[in-house]
Amino acid sequence: MPSRHAVFPLVFLLLLTLAVPGCVKFKHALSVKPDGSGRIELTFGFSDAMLAHQGEDAFSFNRLDALIAQEDRGFVAFSAPETWSEHGFTYQRIRGYFEDVNRVVIEGDEDTNAGEEPPGPTTFAFDSDGGTLTISRCLLEQVALELTDVSASDPLERAAFAAMLEGLRIEESVTVPGEVTAAGPFEIAGTTAVGVIDGAAMLDEQGTVLTVWRNAGAVEVKFEPNGWDDAERDAWRDELAAAKEAWSAIKEGGSLKP
């Protein structure tokens with residue numbers, strides 16, 4: 001099970017993915033502004049088959065007390081969850097805001113096997129002028145290390161896994177204030193670097209994608225610093241101020257639900 005205060009319960013999601021029919025889509029989108037502030041947007045999607053098995057508990061990790069605990073880890077506000085359904089999946093999205101990415105700490109899963117050291121947290125080092133964002137431990141590295149290898153399974157096991165993994169997609173993206181020039185294992189798309197682990201990657205007999213991410217280590221995203229104009233800066237400051245005001249109201253009301 002995930003850490004009691006974990007905002008990003010990766011192991012929990014992966015165990016669900018392999019334990020019941022149906023699948024998971026998970027998207028982790030980090031966006032950093034020129035001044036080092038920004039947000040992390042998390043989108044969870046569960047298939048109808050999985051929700052039929054899990055019920056309302058599937059989204060139970062988005063708890064107010066767990067989010068409040070993240071204020072000690074660099075976050076200054078969280079949005080209320082947005083929920084919608086499409087194409088046989090139900091999705092929930094939540095945003096976490098920060099004023100300085102260098103202060104953000106994302107705890108790893110604390111539940112390890114006997115004798116194993118718990119994984120270290122994910123931290124960030126941002127240099128706007130130098131055009132670098134260093135991520136100590138990417139989401140996809142953690143995912144790849146936790147995923148079960150199924151490439152060497154016998155045909156019957158592979159067939160069973162293939163059915164369970166249909167639709168699986170775990171995506172991590174990083175958006176920085178300038179054109180990305182290098183980003184380790186990530187694919188580059190303008191100012192954004194994107195990485196994906198999906199069902200095909202898990203079933204690949206060569207295990208190429210999983211091997212790459214398991215060995216990723218600290219990733220340095222390099223970019224051409226672009227700054228921002230007054231309109232962009234003011235729009236972002238308005239969004240951040242509104243998010244903090246809404247978060248205060250959520251805490252005062254004692255519930256993430258409207």
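Note that the structure is predicted; figures quoted are calculated from it, not measured.
- Taking 4.5 Å as the limit, every side-chain heavy atom of P121 sits out of range of all side-chain heavy atoms of I106.
- Between E99 and L240 there is a side-chain heavy-atom pair separated by less than 4.5 Å.
- No single ILVMFWY cluster, assembled from side-chain heavy atoms under 4.5 Å apart, contains both V196 and V212.
- Around NZ of K25, the count of heavy atoms belonging to other residues, nucleotides or ligands within 6.0 Å exceeds 12.
- Atom CD of E86 is surrounded by more than 12 heavy atoms from other residues, nucleotides or ligands within 6.0 Å.
- Counting heavy atoms from C-beta outward, F124 and L30 have side chains that approach closer than 4.5 Å.
- With hydrogens and angles disregarded, no donor-acceptor distance shorter than 3.5 Å links the side chain of S128 to the backbone of D35.
- Taking the six-membered ring where tryptophan is involved, the planes of W247 and F78 are perpendicular, since the angle between them exceeds 60° and thus also 30°.
- The distance from the OG1 atom of T175 to the CZ atom of R39 is 8.5 Å, given to the nearest 0.5 Å.
- Cluster membership for F26 and L145, using ILVMFWY side-chain heavy atoms within less than 4.5 angstrom, is not shared.
- Side-chain contact between L67 and I250 is absent, with no heavy atoms from C-beta onward closer than 4.5 Å.
- Note that CG of L203 and CG of L168 are 9.5 Å apart. Values are rounded to the nearest 0.5 Å.
- With hydrogens and angles ignored, the 3.5 Å screen pairs no side-chain donor or acceptor of Q70 with any backbone N or O of F75.
- Within 6.0 Å of CD in E82 there are more than 12 heavy atoms belonging to other residues, nucleotides or ligands.
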Let me have the donor-acceptor pairs involving side chains of residues 178-189, under 3.5 Å, with sequence neighbours excluded, atom names and distances please.
| residue | atom | partner | partner atom | Å |
| --- | --- | --- | --- | --- |
| T181 | OG1 | K222 | O | 3.3 |

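- Heavy atoms from other residues, nucleotides or ligands lying under 6.0 Å from CZ of R233 number more than 12.
- Heavy atoms only, all atoms of each residue included: N102 and A125 are closest at OD1-CA, 3.3 Å.
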Q: Any chance you could lay out the side-chain contact (heavy atoms from CB on, under 4.5 Å) test for E141 and V219, step after step, and finish with the verdict?
A: CA-CA 10 Å; E141 178 189 349; V219 172; over 6 Å; no

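- Residues Y91 and T43 come closest through the heavy atom pair CD2-CG2, 4.0 Å.
- In terms of heavy-atom proximity, R137 sits nearest to T122 at O-OG1, 2.7 Å.
- When every heavy atom of L139 is checked against every heavy atom of H28, the shortest pair comes out as CD2-CB, 3.4 Å.
- Side chain of S37 to backbone of K33: no donor-acceptor contact under 3.5 angstrom is found.
- Under a hydrophobic clustering in which Ile, Leu, Val, Met, Phe, Trp and Tyr are joined whenever their side-chain heavy atoms come within less than 4.5 Å, directly or via other members, V174 and L42 fall into the same cluster.
- The hydrophobic clustering, which links ILVMFWY residues whose side-chain heavy atoms are closer than 4.5 Å, places I40 and V32 together.
- Taking both residues in full, the closest heavy atoms of W213 and C138 are given as CZ3-CB, 4.2 Å, listed atom of the first, atom of the second, then distance.
- Within the 4.5 Å cutoff, the side chain of F126 has heavy atoms near those of the P177 side chain.
- In this structure, S136 contributes its side chain and T123 its backbone to a donor-acceptor pair below 3.5 Å.
- Distance check: E224 CD to T191 OG1 gives 13.0 Å after rounding to the nearest 0.5 Å.
- In this structure a side-chain-to-backbone donor-acceptor pair under 3.5 Å is missing from D100 to G36.
- Side-chain contact between Q142 and E172 is absent, with no heavy atoms from C-beta onward closer than 4.5 Å.
- Note on F44 and L64: same hydrophobic cluster, where clusters join Ile, Leu, Val, Met, Phe, Trp and Tyr whose side-chain heavy atoms are under 4.5 Å apart, directly or indirectly.
- D234 CG to R237 CZ: the interatomic distance, rounded to the nearest 0.5 Å, is 7.0 Å.
- In this structure, NZ on K27 lies 14.0 Å from CD1 on I170, to the nearest 0.5 angstrom.
- For the pair W84/T90, no side-chain contact is recorded, criterion being any heavy-atom separation below 4.5 Å from C-beta on.
- Remark: R95 does not engage E239 in a salt bridge, criterion side-chain N to carboxylate O under 4.0 Å.
- The two residues L256 and R63 come nearest to each other via the heavy atoms CD1-C, 3.9 Å.
- Separation of atoms CZ (F98) and OG (S31) is listed at 7.0 Å; rounding is to 0.5 Å.
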